[in-house]
There are 2 protein chains.
Amino acid sequence: MNKDTEPLDRASAEEYASWFKALADATRIQLVSLLARRRAPMTVGEIVAASGVGQSTVSHHLKILAEVRFVLVERQGTASLYRINEACVSCFPTAADVVMGTPVPARPSASEGACDGT
Amino acid sequence: MNKDTEPLDRASAEEYASWFKALADATRIQLVSLLARRRAPMTVGEIVAASGVGQSTVSHHLKILAEVRFVLVERQGTASLYRINEACVSCFPTAADVVMGTPVPARPSASEGACDGT
DNA sequence: CTTATTCATCGATAATCGACGATATTCGAT
DNA sequence: ATCGAATATCGTCGATTATCGATGAATAAG
């Protein structure tokens with residue numbers, strides 16, 4: 001499946017790390033969890049109200065989550081609707097992937113975009 | 001399985017984050033990957049040589065990985081033998097766990113220690 | 001006892017990051 | 001065009017973090 005003793009190059013290590021960094025903060029975990037439990041998209045205002053985190057902080061974290069495609073945005077009037085990217089949830093790398101040298105997954109662009117081998 | 005719309009308390013979010021933080025650094029990813037590919041335990045010196053990272057830096061990251069039980073240490077003479085904690089690899093939380101509100105896994109103490117329900 | 005080896009720890013430094021308040025931007029309504 | 005609401009961005013502060021070099025502790029060897 002992979003080069004057996006190949007020590008994993010720095011670039012792949014950084015890609016892996018960038019995945020885990022996205023969830024390496026308690027506030028982002030809360031936002032992701034919140035968006036996942038409400039099945040429907042949420043506006044920033046709703047997220048701010050529901051999470052008790054400051055507006056600029058929420059916006060900042062949502063941006064980070066959107067950059068790694070973990071959440072998807074859709075502007076609607078003056079509001080921004082955020083929702084979970086299910087594809088990103090399912091292809092998020094596991095520790096076993098790191099250990100086994102699985103190729104780093106690509107970032108799915110849409111909710112129905114395939115992860116790697118689907 | 002879980003309280004449906006319960007927004008995930010801060011404490012659980014921080015526990016989750018602490019798991020992901022362990023792998024949120026490229027150097028730690030490399031060390032974990034390196035230890036995993038060599039099936040046998042490695043000394044710090046071997047890890048330093050094989051990874052090309054400074055000795056104190058390696059020692060620092062190994063300490064972090066050991067604190068979260070991701071690697072196990074065993075002193076042998078003047079050397080320290082590090083090896084992967086397979087139990088920690090297999091119970092490492094996934095993004096789906098966060099989304100579904102799975103209870104945060106406990107840190108397995110030994111390689112053969114059970115994760116949660118095994 | 002002395003010395004060399006192996007590793008952990010300390011101190012310093014620079015970079016990153018999270019949170020906040022204030023400001024800017026975007027867009028709908030009037 | 002103007003106003004107001006919703007959100008993004010900016011500047012800053014404080015805290016954490018990654019890396020390095022040097023020092024120190026433990027142990028094995030001579």
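Naming: A, B, ... by sequence-line order, numbering from 1 per chain.
For the pair Phe20(B)/Ile29(A), a side-chain contact is recorded, criterion being any heavy-atom separation below 4.5 Å from C-beta on. Side-chain atoms of Arg83(B) and Leu35(B), non-hydrogen and from C-beta on, never get closer than 4.5 Å to each other. Side chains of Met42(A) and Leu81(A) form no contact here, defined as non-hydrogen atoms less than 4.5 Å apart.
Checking Arg10(A) against Ser51(B) by side-chain atom types alone, no donor-acceptor pair falls below 3.5 Å. For the residue pair Arg28(A) / Ser33(A), no side-chain donor-acceptor distance below 3.5 Å is found, with atom types taken as modelled.
Residue Tyr82(B) places at least one side-chain N or O closer than 4.0 Å to OP1 or OP2 of dA8(C). Side-chain nitrogen and oxygen atoms of Lys63(B) include none within less than 4.0 Å of the OP1 or OP2 phosphate oxygen of dA8(C). The side chain of Ser59(B) contributes no N or O atom lying less than 4.0 Å from OP1 or OP2 of dT9(C).
A side-chain donor-acceptor contact under 3.5 Å links Asn85(A) to the backbone of Arg69(A).
Phe70(A) meets the ring-ring contact (aromatic ring centres under 6.0 Å, His included) test with Phe92(A); sequence neighbours excluded.
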Quiz item: Using a cut-off of 4.0 Å between protein heavy atoms and nucleotide atoms, how would you tag nucleotides 17-30 of chain C 5' to 3' with B, S and -?
Solution: -SSBBB----S---
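Chain A approaches DNA chain D over the interval dA6(D) to dT19(D), counting the first and last nucleotide 5' to 3' with an atom under 4.0 Å from its heavy atoms.
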Practice problem: Carefully, step by step, assess Val68(A) and Trp19(A) under the rule side-chain contact (heavy atoms from CB on, under 4.5 Å). | Solution: CA-CA 8 Å; Val68(A) 300; Trp19(A) 275 99; over 6 Å; no
